[in-house]
Amino acid sequence: MEFSGPVGLTSRQFFPESPKELWEQNKDWLSPDSWQPKTDMVHSALQTWVLRSEGRTILIDTGAGNDKFRPYAKQWQYMDTDFLRRLARAGVRPRDVDVVVNTHLHNDHVGWNTRREGRDWVPTFPNATYLIPEVEFDFWNPQGPVRPKYVQGNQNVWEDSVVPVHEAGLVKLWEGSYTLDSSLKLHLAAGHTPGSSVLRLESGKDRAVFIGDLLHTALQLEHPEFNSCFEEDEKGALATRRRELEWAADHKALVLPAHLPGHGAAEVERSGSNFKIKEWAGFSRS
């Protein structure tokens, strides 16, 4: 966990089409972890999921990072956290990480890809393979033909958190899907960004899906029809979010988003045309 708390956006700033009444109707379980009714502020978390699978240590997303200049995303500017010490307390040293999964290349998912060393940005996890969808890499490349909607908010990210690991020869670009091992497989999940991805876990009877930014609040677990304000492709985001929640409900899979405070994850089940939370994960609440 790198951060947990308000991020400066009200419920309808963050989720423009969500009605105020819906938040009020669900305040008993949204508050205090995901939403504060008195201030109407949405709460969010930055967290890195750590997996150990078939002898390897795998990190899913790397948060905002320290010391990064983010003039249009000041919530994450010049952060100074003890993220690496927290990772060490979980038994993970940077040199021991084998794989880093960047579900997409927004500023709050790639920050700890690198760390400051003097005047340079160097890979934080020097022995890791950084897995990045090729379409995502091309989308954010400033030399490419596309200008993303969120280009200002992502200013400097390419230069300080992507290029250094690529130039170090640590990046593996993948297309369509990518198999990490017999239990873990990455799938493209376009919408939030063109190269957003999800990591599905299927091991014995256990099922889970690490869905990155397909949803940003617990309310979307039960109401996936509402987008955040950060979607590059709104229709695509709606369709992909529903598809992954359908898979999770049908496979009794734990849903692990990148930004959920509190319990951090949940199982869902179908409820009419939408879903309902079946059970929260048994993690300590953040």
Side-chain angles (χ1 to χ4, degrees), residues 47-63 90 92 96-106 109-110 112-113 125 127-140 162 165-166 170-216 220-221 224 232-233 236-260 264-270 275 278 281 283:
Q47 51 204 353
T48 295
W49 297 106
V50 179
L51 298 180
R52 298 189 190 275
S53 182
E54 298 189 8
R56 295 192 298 176
T57 298
I58 301 164
L59 304 185
I60 305 173
D61 287 328
T62 64
V92 178
D96 296 334
V97 175
D98 299 291
V99 178
V100 173
V101 173
N102 290 145
T103 60
H104 60 295
L105 298 183
H106 274 167
H109 290 258
V110 300
W112 279 106
N113 279 4
F125 310 103
N127 299 318
T129 297
Y130 288 70
L131 295 175
I132 300 174
E134 185 169 6
V135 65
E136 185 75 359
F137 185 86
D138 292 343
F139 180 71
W140 291 104
V162 180
V165 292
H166 187 255
L170 300 180
V171 171
K172 170 68 176 177
L173 300 178
W174 58 274
E175 299 180 75
S177 63
Y178 183 87
T179 300
L180 279 77
D181 58 33
S182 62
S183 301
L184 298 169
K185 189 171 184 178
L186 282 160
H187 300 266
L188 283 179
H192 180 61
T193 66
S196 285
S197 59
V198 300
L199 180 66
R200 290 183 183 175
L201 180 153
E202 299 184 62
S203 177
K205 294 182 179 180
D206 295 326
R207 300 288 183 270
V209 56
F210 298 85
I211 63 171
D213 277 6
L214 288 192
L215 60 85
H216 288 80
Q220 288 173 296
L221 287 167
E232 291 286 337
D233 173 4
L238 290 169
T240 304
R241 185 180 310 114
R242 180 168 293 278
R243 182 193 75 198
E244 293 303 317
L245 288 176
E246 287 173 349
W247 184 87
D250 293 344
H251 291 82
K252 300 180 180 179
L254 189 65
V255 179
L256 298 106
H259 296 305
L260 224 59
E267 287 187 40
V268 297
E269 59 188 5
R270 291 179 183 265
F275 307 89
K278 179 181 178 182
F283 305 141

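The structure places OG1 of Thr240 at 10.0 Å from CG of Leu188, a figure rounded to the nearest 0.5 Å. From Phe283, atom CZ reaches atom CG of Leu256 across 5.5 Å, with rounding to the nearest 0.5 Å. Atom CG of Asp213 is separated from atom NE2 of His104 by 3.5 Å, given to the nearest 0.5 angstrom. The OG atom of Ser183 sits 14.5 Å away from atom CZ of Arg200, with the distance rounded to the nearest 0.5 Å. Here the straight-line distance linking atom NE2 of His192 with atom NE2 of His106 works out to 4.5 Å at 0.5 Å rounding. Here the CZ-CD distance, from Phe210 to Glu244, works out to 13.0 Å after rounding to the nearest 0.5 Å.
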- Task: Test side-chain contact (heavy atoms from CB on, under 4.5 Å) on Asp98 and Glu54 and set out the steps.
- Result: CA-CA 11 Å; Asp98 299 291; Glu54 298 189 8; over 6 Å; no
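Under the side chain to side chain contact (heavy atoms under 4.5 Å, CB included) rule, Val101 has a single partner from Thr48, Leu59, Asp61, Leu180, which is Leu180. Of the residues Thr193, Thr103, Ile60, Asn102, the one that meets the side chain to side chain contact (heavy atoms under 4.5 Å, CB included) test with His109 is Thr103.
Between Leu215 and Pro257, the closest heavy-atom pair is CD1-CG, 3.5 Å. Summarising the geometry of Trp174 relative to His187, their closest heavy-atom pair is CH2-C, 3.8 Å, with the distance given to 0.1 Å. In plain terms, the two heavy atoms of Arg241 and Pro224 that are nearest each other are NH1-O, 2.7 Å. Here the closest heavy-atom approach between residue Tyr130 and residue Asn113 is recorded as OH-O, 2.9 Å. Summarising the geometry of Gln47 relative to Gly264, their closest heavy-atom pair is NE2-O, 4.3 Å, with the distance given to 0.1 Å. Annotation for Leu245 and Val268: closest pair O-CG2, 4.0 Å, computed over non-hydrogen atoms.
Contact of the Arg243 side chain with the Leu214 side chain is not registered, since no non-hydrogen atoms from C-beta on lie closer than 4.5 Å. Within the 4.5 Å cutoff, side-chain heavy atoms of Leu260 are placed close to those of Leu221. For the pair Glu246 and Arg270, the minimum side-chain heavy-atom distance is below 4.5 Å.
Residues satisfying the side chain to side chain contact (heavy atoms under 4.5 Å, CB included) test with Asp96, not counting sequence neighbours, are Arg93. Evaluation of the salt bridge (charged side-chain N to carboxylate O under 4.0 Å, His left out) rule for Asp206 yields no partner, not counting sequence neighbours.
Of the possible polar contacts, none joining the Ser197 side chain to the Ala189 backbone as a donor-acceptor pair under 3.5 Å is found. In this structure, the side chain of His166 does not engage the main chain of Val162 through any donor-acceptor pair within 3.5 Å. Remark: side-chain polar atoms of Glu136 are not paired, donor with acceptor, to backbone N or O of Ile132 under 3.5 angstrom. Panel note: side chain Glu175, backbone Glu134; no donor-acceptor pair is recorded below 3.5 Å. For Trp49 (side chain) and Ile58 (main-chain N/O), no donor-acceptor pair under 3.5 Å exists by modelled atom type.
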